[in-house]
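To find a chain, count down the sequence lines: A is the first, B the second, and so on, and within it residues start at 1.
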Protein chains: 2
Amino acid sequence: MRKVFLFMDTIINKVDAKGRVSLPADYRAIVKELDSEIVCYRSLTAPCIEGCTEDLLEKLAAEIETSTDFFSQTQDDLTNLVFGDARRFTFDSTGRIVLTEKLLKHAGITDTAIFVGKGRKFQIWNPENWAKEEARIRSEVMKKRPVLNTQKSGGEA
Amino acid sequence: MRKVFLFMDTIINKVDAKGRVSLPADYRAIVKELDSEIVCYRSLTAPCIEGCTEDLLEKLAAEIETSTDFFSQTQDDLTNLVFGDARRFTFDSTGRIVLTEKLLKHAGITDTAIFVGKGRKFQIWNPENWAKEEARIRSEVMKKRPVLNTQKSGGEA
DNA sequence: TTGCATCCCATAAAATACCATGCTATACCA
DNA sequence: TGGTATAGCATGGTATTTTATGGGATGCAA
């Protein structure tokens, strides 16, 4: 039995004409062990699909409810945005989910998708876009790293 | 069996001359599993119909009753409006509810309706109006998001 | 009896569950 | 350590079920 439930690794899978993709086996295992379901939505910040367990969304719902007023405009906007876009995805006996046209379009995915672990969440990218994004992130980190170090000690590398 | 009961996704359905609409299958599943019923009322804040399970309204009522400190006059008025306007909608064997003229008029719905998940609640819009509303919300959030981030750390694209 | 509302049936389309296969990664044994 | 057997996984195809939706029948009320 697993102790830690985090989405990790980067896995490429094919997307067929129906939009079917195998959810990486390890992701499936997590969802099963948590006795939860997958929820996907369009990322707000990047051209990719984002996914998490339904449990996490449930927590988010609770948080929105407690931190904003029942009749407030903010609660209205937030819930519309989050839950209006999200959708449950149950996987079949072979471990596949069927992504919607809306999601695939937003991520620019046609016949191949790449799953990127993000801990409690994961993302699904068009592989080419992800390659660029990963490069950007890595260079970004390298740019920031010396700055952070200088502040603390004296800089390195 | 489902653990989490949240209305999600955005689904377009037709409204026939009798005012009949199919409640999205997933919404029905939630209502059934909660062994509850659908309640709809005119949204107080937007030109749309709002719906939730009877259970939620029950909770709201209970909260008002048990709340020690008196509610403000406005809040009281709001709850009056909601409960006064709300009505049960049972769906038939094919999963349809019959919306009233009053509700349809308030939302400007004629032959097509779009269901928007909001977590514990959902909304029913005229598709065109919803398109505008969604755009408004997205731009609103994009404006606010950087602000929220700057307060915490240093902001991000 | 007539109008209105509810219920039931039929059908086409779409979503989803199932089956089969080849491949890959893992485990096992010499 | 190297080779082989095994189990798990991704993937293509097919069958079945569910869902949306139009039309009609039934029952109640005015």
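Distance CZ (B/Arg88) to C1' (C/dT6): 16 Å, rounded to an integer number of Å. In this structure, CG of B/Asn13 is placed 10 Å from P of D/dG22, rounded to the nearest angstrom. Computed from coordinates, the B/Glu101 CD to C/dC4 C1' distance equals 14 Å when rounded to whole Å. Between the CG atom of A/Asp26 and the C1' atom of C/dT24 there is a distance of 16 Å, given to the nearest Å. Atom CZ in B/Phe89 sits about 12 Å away from atom P in C/dA5, given to the nearest Å. Spacing between atom CG of A/Asp16 and atom C1' of D/dG13 amounts to 10 Å, rounded to whole angstrom units. Separating the CG atom of B/Leu23 from the P atom of D/dT21 is a distance of 12 Å, rounded to the nearest angstrom. Protein atom CD1 of B/Ile11 is 16 Å distant from nucleotide atom C1' of D/dT21, rounded to whole Å.
Qualifying side chain to side chain donor-acceptor pair (under 3.5 Å) partners for A/Asn129, counting only residues two or more places apart in sequence or in other chains: none. In this view, A/Phe7 and A/Tyr27, A/Phe122 satisfy the ring pair (Phe, Tyr, Trp, His ring centres under 6.0 Å) rule, not counting sequence neighbours.
Residue pairs that meet the salt bridge (charged side-chain N to carboxylate O under 4.0 Å, His left out) test with at least one member in residues 7-25 of chain A, sequence neighbours left out, are A/Asp16-A/Arg20. Residues in residues 95-116 of chain A take part in these salt bridge (charged side-chain N to carboxylate O under 4.0 Å, His left out) pairs, two or more places apart or across chains: A/Asp85-A/Lys102.
Of the possible polar contacts, one joining the A/Asn126 side chain to the A/Gly108 backbone as a donor-acceptor pair under 3.5 Å is found. No donor-acceptor pair closer than 3.5 Å links the side chain of A/Thr68 to the backbone N or O of A/Glu65. Of the possible donor and acceptor atoms, none in the side chain of B/Ser22 sits under 3.5 Å from a partner among the backbone N and O of B/Pro24.
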Practice problem: Output, in order, the C-alpha distance, side-chain angles, deciding distance and verdict of side chain to side chain contact (heavy atoms under 4.5 Å, CB included) for B/Trp125 and B/Glu134. | Solution: CA-CA 11 Å; B/Trp125 286 77; B/Glu134 192 191 5; over 6 Å; no
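The terminal axes of the helix from C/dT1-D/dA30 to C/dA30-D/dT1, fitted over 5 pairs per end, subtend an angle of 40° to the nearest 10°.
Looking only at atom types and distance, the side chain of B/Asp55 has no donor-acceptor partner in the side chain of B/Thr53 under 3.5 Å away.
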Distances under 3.5 Å between nitrogen or oxygen atoms of protein and nucleotides 12-20 of chain C:
none

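Both A/Ile12 and B/Ser22 sit near DNA chain D, but only A/Ile12 has its closest nucleotide nearer the 5' end.
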